[in-house]
Amino acid sequence: FKTIAYRDDVCMSHKGDLLCAKKYTFYNIYKQRGMKKWMGGIVGLGPVPEGSADRSDSFIYTMAQEEEIQKPMFSVYISNNTNETSNIMFGDYNTSFIAGGDDKAIDWFELTNKTDFQVDVSWAHFGDKQLFIHDYRKLSVNLAVPYIGVDDETYAMISHHLQQIDSSVQCDAHHCYGTKSVKHYKSTLPDFSIKVSSKVVYTIPGKTLMDPAGRNSTYTCKFAIFNAKWHFVLGEYFIRNHYTIYDLQNMRIGIAPLKNFAYHKNEQHEEAAKVDTGKTPQIIIPVANKTIENKTNEKATEAPVKKPT
């Protein structure tokens, strides 16, 4: 099987009694095969191609076949409120978490990979710079990743432009860091937008793109966009403001803004993403990034701390 490591508070409930293991490290099994009957403690949530023998080993499909849940589907809500717990629902989705309280706000995207929650990103903008257009690149929706990942080429463009905007930003081959306060960067960083499957533009406001660094870091903050090498990733930084629905039966993923989410639109980006004007896209010629020593003891993406679900 294939896994991704998590670290979180893990709790079990039985008749009102709650037992928790604090900062517990465990593994999310997203693909498995050949498991024997009655295997306990392993949950596979990844999509499985139709007709594949692996469906018999899928936790979601097995529950649906045994009518423990209504559909081979699950949905995730990550709470931003300390007084409200996060939620994962098996078998359906709950529109009470969604803006408007109904299905209208859900955008559905067909999966482009039969074994991963992967779609396409066809357009990207950072501030006034168009990064690419109609160049379909792989995009995974992945709760195991805390930030937003971009491919090598896009990261080189963004990190170069970022350092031109603000010289206090320092970048290495994987991450960019801020040496000033998070408050400082709220007024200097531009919006980042992507268009998913040539359908919907999602914008992450520039004022939210710097995150406080860990206590062991010599930098004050970390840029929320990192180099994911060969593909794009929408991690928790994006998902925590959206309700996500993983429909294994129809091989699609649904994304909707949360009910209390102040949806941010960049009109310039929305207009630029409407059509391909036929003009040659403005491409930033990346130069060598300022090489820095990553003086932090924290791991960036391997085992992110997640809120309990």
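Every value quoted in this text rests on a predicted model; they were computed, and no experiment measured them.
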In terms of hydrophobic clusters joined by side-chain contacts under 4.5 Å, are Ile165 and Val182 together?
no

Derivation and outcome, side chain to side chain contact (heavy atoms under 4.5 Å, CB included), residues Ile225 and Tyr237
CA-CA 9 Å; Ile225 299 174; Tyr237 217 75; over 6 Å; no

Set out, in order, the CA-CA distance, both residues' side-chain angles and the distance that settles side chain to side chain contact (heavy atoms under 4.5 Å, CB included) for Asn227 and Thr154, then state yes or no.
CA-CA 8 Å; Asn227 186 358; Thr154 305; over 6 Å; no

Do Ser75 and Tyr243 have side-chain atoms, one donor and one acceptor, less than 3.5 Å apart?
yes

Are Cys176 and Gln170 packed together at the side-chain level, in the sense that at least one heavy-atom pair is separated by less than 4.5 angstrom?
no

Taking every heavy atom of Ala105 against every heavy atom of Ala99, the minimum-distance pair comes out as CB-O, 3.6 Å

How many angstroms lie between atom OG1 of Thr85 and atom CD1 of Ile78, to the nearest 0.5 angstrom?
12.5 Å

Measure the acute angle between the ring planes of Phe74 and Phe117, then classify it against the limits of 30° and 60° as parallel, tilted or perpendicular.
perpendicular

Between Val76 and Tyr246, which heavy-atom pair has the shortest distance, and what is it?
CG2-CE1, 3.9 Å

Electrostatic pair Asp92:Lys71 at N-O distance under 4.0 angstrom
yes

Donor-acceptor pair, Asn250 side chain versus Arg252 backbone, under 3.5 Å?
no

Does some side-chain heavy atom of Leu189 sit less than 4.5 Å from a side-chain heavy atom of Phe223?
yes

Smallest separation among heavy atoms of Ala64 and Pro72, with atom names
CB-N, 3.8 Å

Taking the basic N atoms (NZ, or NE/NH1/NH2) and the acidic carboxylate oxygens, is any pair closer than 4.0 Å for Asp151 and Arg137?
yes

Under 4.5 Å between side-chain heavy atoms, hopping through other hydrophobics if needed: is there a path connecting Tyr61 to Phe90?
yes

Begin from the C-alpha positions of Val48 and Thr115 and carry the test side chain to side chain contact (heavy atoms under 4.5 Å, CB included) through to its verdict.
CA-CA 6 Å; Val48 182; Thr115 59; over 6 Å; no

Modelled atom types, side-chain donor and acceptor of His125 and Asn266, under 3.5 Å:
no

Do His184 and Thr220 have side chains that get closer than 4.5 Å, going by heavy atoms?
no

Table please: side-chain donor-acceptor pairs of residues 202-214 below 3.5 Å, with sequence neighbours left out.
| residue | atom | partner | partner atom | Å |
| --- | --- | --- | --- | --- |
| Thr203 | OG1 | Ser193 | OG | 2.6 |
| Thr208 | OG1 | Pro205 | O | 2.8 |
| Asp211 | OD2 | Tyr147 | OH | 2.8 |

Within a radius of less than 6.0 Å around NZ of Lys138, do more than 12 heavy atoms belonging to other residues, nucleotides or ligands occur?
no

Asn87 and Asn94: side-chain donor and acceptor closer than 3.5 Å?
no

Once you round to the nearest 0.5 Å, how far does CG of Leu139 lie from CZ of Phe109?
9.0 Å

Are side-chain heavy atoms of Ile148 and Val233 found at a separation under 4.5 Å?
no

Compute whether any side-chain donor of one residue and acceptor of the other, for Asn142 and Ser140, lie under 3.5 angstrom apart.
no

Please confirm whether the backbone N or O of Lys104 pairs with a side-chain atom of Asp102, one donor and one acceptor, at under 3.5 Å?
yes

Hey, is the main chain of Ala124 close enough, under 3.5 Å, to the side chain of His269 for a donor-acceptor pair?
no

Side chains of Ser198 and Asp120 in contact at under 4.5 Å (non-hydrogen atoms)
no

Can you tell me how far NE2 of His174 sits from OH of Tyr155, rounded to the nearest 0.5 angstrom?
8.5 Å

For Lys199, I'd like to know if atom NZ has over 12 heavy atoms of other residues, nucleotides or ligands within 6.0 Å.
yes

Can the ring centroids of His161 and Phe126 be said to lie less than 6.0 angstrom from one another?
yes

Rounded distance [0.5 Å steps], CD1 in Ile133 versus OG in Ser122
8.0 Å

Looking at every heavy atom in both Pro47 and Asp116, which two are closest together, and how far apart are they?
CG-N, 3.4 Å

Are Ser168 and Tyr185 close enough that a side-chain donor and a side-chain acceptor fall under 3.5 Å?
yes

Find the distance between CD (Glu153) and NZ (Lys229) and round it off to the nearest 0.5 Å.
14.0 Å

Run through Phe132, Phe238, Trp123, Tyr136 and flag the one making a ring pair (Phe, Tyr, Trp, His ring centres under 6.0 Å) with Phe232.
Phe132

Write down the atom of Gly254, the atom of Ile106, and the distance for their closest heavy-atom approach.
CA-CG2, 4.0 Å

Glu270/Lys195 ion pair, N-O < 4.0 Å:
no

Can a donor-acceptor pair be found between the side chains of Thr95 and Tyr93 at a distance below 3.5 Å?
no

If we count only N and O atoms by modelled type, under 3.5 Å, do the side chains of Arg240 and Ser79 hold a donor and an acceptor together?
no

Could you give the distance from CD (Glu84) to CG (Asn260), rounded to the nearest 0.5 Å?
8.0 Å

Decide yes or no for Ile245 and Met73: does some side-chain heavy atom of the first lie under 4.5 Å from some side-chain heavy atom of the second?
yes

Flag side-chain contact, heavy atom, 4.5 Å: Trp108 against Ile253
no

4.5 Å side-chain heavy-atom contact, Asp247 and Met251:
no

